[in-house]
S.K.: 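Can you read through this structure? Questions will come right after.
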Amino acid sequence: MARGDRFDVVAFDADDTLWRSEDYFTEAEELFVDKVQPYAPEGIDVLAALHSTELGNVPISGYGVKAYALSMVQAAVTVTGGAVPAAVIGELVDHAHEMLMHPVDLLDGVPETLAAVGRTHRLVLITKGDLVHQYRKVRTSGIEHHFEHIQVVLEKDVATYAHLLAEWQIDPTRFLMIGNSVRSDILPIVELGGAGIHIPYHVTWAHEVVHEIPGHLDGFTELATIRDVPAWLAGE
């Protein structure tokens, strides 16, 4: 029996699984350090302050570029004691706006993989972030038609997945999730009795890093690229 026969539905994460995302946040961090460091007191790690501010704001503003822009502004003012010029704040905001308008850059093999997996399984897309921005990326990506359901959520945890699967009438044990984050895409689904395929991306947001994956985790698989998914499902 092919591995794919175990599943009715295959779900995909979006950012850094289907298209590039974290690269643009890395560029924003470099801009932040370059522009804000000169106005901060000696000995202040402005990037660490930004990361702390960003994580602290997640329960308030969630994820995505807009939330990140607010964190950049807040951190810039805080670490400089208000000395950061308005022109620098303007540059940070302008860069965030450019991030929001950046064209979708699909990762290699994504369209072909979705077409291949979609011939044998129902496909859904589950991603988190800013609702407007994420749906804009989905609509302009050219791959929206592959998915039976598309959902942007506030958090990707056990409760959220359980609610979605119940709403969509999907048996968790017949559900496969594919994504670049072990924390958000794999562990919650495995806890529900489903399976997950981890496809690492070359850069991962610190909040998503899992430093140690439980040994012999049932339902966990890691593949090098998304192109490997169809062959894995076929048992090759």
S.K.: Atom CD1 of Ile199 and atom CD1 of Ile197: how far apart are they, to the nearest 0.5 Å?
M.R.: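 So the CD1 of Ile199 and the CD1 of Ile197 are separated by 6.5 Å.
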S.K.: Apply the test side-chain contact (heavy atoms from CB on, under 4.5 Å) to residues Asp130 and Tyr63: give CA-CA distance (whole Å), side-chain angles for both, the deciding distance (0.1 Å), then the verdict.
M.R.: CA-CA 6 Å; Asp130 177 77; Tyr63 302 94; over 6 Å; no
S.K.: Decide side chain to side chain donor-acceptor pair (under 3.5 Å) for Asp157 and Thr160; before the verdict, give the C-alpha distance in whole Å, the side-chain angles of both, and the deciding distance to 0.1 Å.
M.R.: CA-CA 5 Å; Asp157 53 20; Thr160 300; 2.7 Å; yes
S.K.: Minimum heavy-atom separation for Leu125 to Ala14, with atom names?
M.R.: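 The answer is CD1-CB, 3.9 Å.
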S.K.: To the closest 0.5 Å, what do you measure between CG (Asp8) and CZ (Arg174)?
M.R.: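 Spacing of CG (Asp8) from CZ (Arg174) equals 4.0 Å.
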S.K.: Mind checking the CG-OH spacing from Leu192 to Tyr161? Nearest 0.5 Å is all I need.
M.R.: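 The CG atom of Leu192 sits 9.5 Å away from the OH atom of Tyr161.
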S.K.: Does Arg139 form a salt bridge (charged side-chain N to carboxylate O under 4.0 Å, His left out) with Glu144? I'd like the steps, not just the answer.
M.R.: CA-CA 6 Å; Arg139 288 194 300 269; Glu144 180 180 11; over 6 Å; no
S.K.: Are side-chain heavy atoms of Pro188 and Lys156 found at a separation under 4.5 Å?
M.R.: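 When only atoms from C-beta onward are counted, Lys156 and Pro188 do not touch, as no gap falls below 4.5 Å.
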S.K.: Using only atom types and a distance under 3.5 Å, with no angle test, would you say the side chain of Thr173 pairs donor to acceptor with the backbone of Gly194?
M.R.: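 Side chain of Thr173 to backbone of Gly194: no pair is present.
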S.K.: Quick one, Asp15 with Arg20, criterion salt bridge (charged side-chain N to carboxylate O under 4.0 Å, His left out). Give me CA distance, side-chain angles, the key distance, then yes/no.
M.R.: CA-CA 6 Å; Asp15 291 343; Arg20 301 184 191 282; over 6 Å; no
S.K.: Mind listing the closest non-hydrogen atom pair of Pro230 and Thr113 along with its distance?
M.R.: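 What the structure gives for the nearest pair is CD-CG2, 4.0 Å.
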S.K.: Within the structure provided, determine whether Arg136 and Met101 are in side-chain contact (heavy-atom separation under 4.5 Å).
M.R.: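 Yes, close enough: below the 4.5 Å cut-off.
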S.K.: For residues Ile126 and Met177, report the shortest heavy-atom separation together with the two atoms involved.
M.R.: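 Smallest interatomic distance, heavy atoms only, reads O-CE, 3.9 Å.
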S.K.: For side chain to side chain donor-acceptor pair (under 3.5 Å), just list the numbers for Gln134 and Thr127, CA-CA rounded to whole Å, side-chain angles, deciding distance to a tenth of an Å, and then say yes or no.
M.R.: CA-CA 8 Å; Gln134 291 298 81; Thr127 183; 2.8 Å; yes
S.K.: Might you work through the ring-ring contact (aromatic ring centres under 6.0 Å, His included) test for His102 and Tyr24, ending with a clear yes or no?
M.R.: CA-CA 9 Å; His102 197 285; Tyr24 308 131; 4.4 Å; yes
S.K.: So which atom in Leu233 and which in Phe7 form the shortest heavy-atom distance, rounded to 0.1 Å?
M.R.: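 Closest approach of Leu233 to Phe7, heavy atoms only: CD2-CD1, 4.2 Å.
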S.K.: Within the 4.5 Å heavy-atom criterion, are Val84 and Val77 side-chain neighbours or not?
M.R.: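 Heavy-atom side-chain distance check passes, below 4.5 Å.
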S.K.: Measuring centre to centre across the rings, with the benzene-like ring taken for any Trp, is Phe25 within less than 6.0 Å of Tyr68?
M.R.: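 Yes: the rings meet the under 6.0 Å criterion.
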S.K.: Are Leu18 and Asp13 side-chain neighbours, meaning at least one heavy-atom pair lies under 4.5 Å?
M.R.: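 No; the side chains remain at least 4.5 Å from each other.
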S.K.: Does Val36 reach the side chain of Val79, with side-chain heavy atoms less than 4.5 Å apart?
M.R.: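 When only atoms from C-beta onward are counted, Val79 and Val36 do touch, with a gap below 4.5 Å.
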S.K.: Which pair of non-hydrogen atoms, one from Lys137 and one from Ser21, has the smallest distance, and what is that distance?
M.R.: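 Closest approach of Lys137 to Ser21, heavy atoms only: NZ-OG, 4.5 Å.
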S.K.: Taking atom CZ of Arg122 and atom CZ of Phe175, what is their separation to the nearest 0.5 Å?
M.R.: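 Separation between the atoms: 10.0 Å.
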S.K.: Give the ring-plane orientation class for Trp168 versus His149, where under 30° counts as parallel, over 60° as perpendicular and anything between as tilted.
M.R.: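 It falls in the parallel class, under 30°.
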S.K.: Quick check against the 3.5 Å criterion: does Thr78 have a side-chain atom that pairs as donor or acceptor with the backbone of Ala75?
M.R.: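 Flag not set: sc Thr78 to bb Ala75 has no pair under 3.5 Å.
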S.K.: Any side-chain heavy atom of Leu123 sitting closer than 4.5 Å to one from Val117?
M.R.: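 The answer is yes; the side chains approach within 4.5 Å.
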S.K.: For atom CG of Leu154, is the number of surrounding heavy atoms from other residues, nucleotides or ligands below 6.0 Å larger than 12?
M.R.: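 Incorrect, the count does not exceed 12.
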S.K.: For the backbone of Glu54 and the side chain of Asn57, can you confirm whether one donor and one acceptor N or O come within less than 3.5 Å of each other?
M.R.: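 Checked: no pair found.
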S.K.: Can you name the closest pair of heavy atoms from Tyr135 and Ile150 and give their distance?
M.R.: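 In this case the closest contact between Tyr135 and Ile150 is OH-O, 3.2 Å.
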S.K.: To the nearest 0.5 Å, how far apart are NZ in Lys35 and CE in Met72?
M.R.: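 Taking NZ in Lys35 and CE in Met72, the distance rounds to 12.5 Å.
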S.K.: Just wondering, do Val9 and His121 contact through their side chains at under 4.5 Å, heavy atoms?
M.R.: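 Sidechains of Val9 and His121: no contact.
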S.K.: For Leu176, does its backbone N or O pair with a side-chain atom of Arg6 as donor and acceptor, under 3.5 Å?
M.R.: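 Absent.
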S.K.: Got Asp185 and Asn180 here, is their nearest side-chain heavy-atom distance under 4.5 Å?
M.R.: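 Heavy-atom side-chain distance check passes, below 4.5 Å.
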S.K.: Can you check whether Ala48's main-chain N or O pairs, donor with acceptor, with Ser52's side chain at less than 3.5 Å?
M.R.: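 Absent.
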S.K.: Within the supplied structure, the quantity of interest is the number of heavy atoms (other residues, nucleotides, ligands) at a distance under 6.0 Å from Glu27 CD; does it exceed 12?
M.R.: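 Yes, enclosed.
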